[in-house]
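Note: hydrogens, waters and symmetry copies are ignored here, and every other heavy atom, side chains too, is used. Since this is a predicted model, take the numbers as computed values, not measurements. Within every chain, numbering begins at 1; the chains are lettered A, B, ... in the order of the sequence lines, protein sequences first and strands thereafter.
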Amino acid sequence: AAMRSRAEVDATLQTAKLNPAELLPAVHCFSFGPQAGGGECCLLQLEPGLCAELEAGRSLIIRGEKDEHAVLCSKDKTYDMKIADTSNMLLFVPGCKTPEELKADQASCNIIHSQIAGFSKNYWELRRCRPKLKKLRKLLMEDPYEGPDSRKDQASTFSKYTTEDLLNLIQASEEEILHQLQVIDACKIEGYWRILDFDYEMKLLNHVTQLIDSESWPLSKVPLCACLEELGSLEPREMIEHILLSYGRKYVDDGEVFFEMHEDKICRAIAQMLLQNAVKFNLSEFEEVWQQSVPEGMTTRLDQLQGLALVDKSSRPETIFLLKVEDLPEDNQERFNSLFGIREKWTEMDITPYIQDLCAEKQTVGTLLTKYARSSMLNGVKVYNSRRPIS
Amino acid sequence: VSPSGGTGALAQWVLLELQGEVEPRQSTDLAGSLLGDLHYTCEGVPVLIVGHHILYGKVVQLEKPFAVLVKQGGASQPSPGEPHGHYTVTALIKTKLLFKTRPKPIITHVPKKV
């Protein structure tokens, strides 16, 4: 189509009975560009901060396999994507100037021929969400590392994952993924991220705690060098250092590297080792064995086991059993269904460690309980049960 | 979703929001056909002449800007279902021209009765 001329524009103004004196001199003549009807462009509404990220040249990634709902990831956050329909038509136009821009640029052309790049009745809306990290653990648990002597590793046909692989498979931002790898004590072996097999992990921990005991080192000052020297013949040096990093806080004193051991984390791991051998234990018997099993100088406490084990105070005698929060469903409703299937009524204190991780930004455990549970009083104590009947 | 143009600044486009459907007068392809003329009054009120209608609107600074995404590779359209695939950000939109008022029809010729 031929471009409109000034004469044609003026004629239209006259027909429309608009007074040119009341208008800015410049006019935009809109036509549809060559790709406009193709539907290749779409609109994404940006949450605060994302615009600045794009302007800084950073990318946003849309992640999700065919069976997953797509999420958008920035460098450090994850967002659910949802289509929002408007009843209006949205046209996107390059090179269209605002009145301020026209007034500021006095030398601007009289006629600006603008091509509409595309149009849409809908756009993508974003909502910040929890990163979907359960899959990360699931992938790494496909093939836990059992140590260098394991014949399994050499003949392994299982998938192993590099950072790049994980970025492609996990619906979370890079920072969230790297942080989670640290939280679950994953380590890189030959370029692949691995989780240690629990028995192997306990074997390594045991080497270290026995050495601490025989050398009478204070738990807050375990020397790295000496550990590597003494244990280097038993296990790979990287594994010794990894276990120290997993169960201790690294620091430097006078040029030497030391570790302050995490008493709670060590006690917790030993509890897991004991509890995984049976369906449930007599509580008082367990507490005795547990205290005897931890390194000299450490004190066991039941609150170290939050999210790992559950005490049944209604049974006689009282019992304790393994219940790991990371084994429970990731979806909110499914998580609550699962918990209420295990136990009909929960106190807030007991259920909190098992729903804490579901809290989104600015959400509290209280909000979740209000939404997914119903409260009642039992023997003077507030308890929560399912909103719906559990079969 | 990568910003195009590498280190260069992202283009700033403008959104035009109109009520109803956009239908070309001709039955031929949309591409190349005219939509209308956009004027601004001296006070900065946008005035859009589309066909036989005058639309008055307003300039709105978007609280949540938009990114315009163009799908890379395959000719398939980004379906409303799932946005899989690699996208490039072609432009950012921080301003929209909202035309919400009912269009005023332009009366082009009133035959005079003798």
Side-chain angles (χ1 to χ4, degrees), chain A residues 1 4 9 12-13 15-16 18 22-24 27-48 51 54-55 57-62 64 66 69-70 72 81 83 87-96 98-100 102 116-119 122-124, chain B residues 1-3 6-7 9-11 13-22 24 29-47 49 54 59 64-71 77-78 80 82-87 89-97 100 106 108:
Chain A
R4 280 171 72 72
V9 168
T12 304
L13 279 178
T15 315
L18 289 170
E22 291 170 2
L23 302 172
L24 295 180
V27 61
H28 289 82
C29 293
F30 291 139
S31 60
F32 288 91
Q35 306 292 326
E40 282 158 17
C41 281
C42 58
L43 292 174
L44 175 72
Q45 190 178 55
L46 300 172
E47 286 296 299
C51 191
L54 286 172
E55 285 174 312
R58 287 201 280 273
S59 295
L60 304 176
I61 317 264
I62 296 177
K66 292 284 185 280
H69 287 301
L72 183 107
M81 296 180 74
I83 280 274
S87 52
N88 294 338
M89 186 60 67
L90 306 170
L91 301 107
F92 12 112
V93 194
C96 175
T98 62
E100 287 71 36
L102 286 177
I116 297 164
F119 57 90
N122 52 41
Y123 56 90
W124 288 103
Chain B
V1 176
S2 314
T7 50
L10 269 175
W13 292 2
V14 164
L15 198 67
L16 238 66
E17 187 169 340
L18 305 175
Q19 279 185 327
E21 297 287 332
V22 166
D29 253 2
L30 207 54
S33 65
L34 293 167
L35 173 72
D37 298 340
L38 173 70
H39 297 269
Y40 292 106
T41 66
C42 295
E43 288 81 42
V45 174
V47 183
I49 306 177
I54 305 178
V59 179
K64 290 189 188 178
F66 283 98
V68 181
L69 306 184
V70 175
K71 194 163 188 181
Q77 298 185 8
E82 298 298 335
H84 295 284
H86 192 72
Y87 293 83
V89 176
T90 298
L92 291 176
I93 297 176
K94 295 183 180 173
T95 310
K96 79 173 173 189
L97 303 179
K100 258 202 325 194
I106 301 170
T108 46

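The line from CG of B:Leu34 to OG of A:Ser31 is 6.0 Å long, rounded to the nearest 0.5 Å. Going from atom CD of B:Gln19 over to atom CG of A:Asn88 covers 5.5 Å, rounded to the nearest 0.5 Å. The OG1 atom of A:Thr12 lies 5.5 Å from the CG atom of B:Asp37; values are rounded to the nearest 0.5 Å. The CG atom of A:Leu54 sits 6.5 Å away from atom CG of B:Leu10, with the distance rounded to the nearest 0.5 Å.
In terms of the ring-ring contact (aromatic ring centres under 6.0 Å, His included) criterion, B:Tyr40 has no residue partners (sequence neighbours excluded). In terms of the side chain to side chain contact (heavy atoms under 4.5 Å, CB included) criterion, residue partners of A:Glu22 (sequence neighbours excluded) are, by chain and number, A:Asn19.
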Test side chain to side chain contact (heavy atoms under 4.5 Å, CB included) applied to B:Leu18 and A:Phe119, step by step: CA-CA 11 Å; B:Leu18 305 175; A:Phe119 57 90; over 6 Å; no

Audit row: A:Leu90, B:Lys96, side chain to side chain contact (heavy atoms under 4.5 Å, CB included) steps and yes/no: CA-CA 9 Å; A:Leu90 306 170; B:Lys96 79 173 173 189; 5.8 Å; no

Chi angles and distances behind the side chain to side chain contact (heavy atoms under 4.5 Å, CB included) call for A:Leu13, B:Ile49: CA-CA 9 Å; A:Leu13 279 178; B:Ile49 306 177; 4.1 Å; yes

Worked check of side chain to side chain contact (heavy atoms under 4.5 Å, CB included) between B:Leu38 and A:Cys96: CA-CA 10 Å; B:Leu38 173 70; A:Cys96 175; 4.1 Å; yes

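Of the atoms belonging to B:Thr41, heavy atoms from both backbone and side chain fall under 4.5 Å from chain A. Only the side chain of B:Val47 has a heavy atom closer than 4.5 Å to any heavy atom of chain A.
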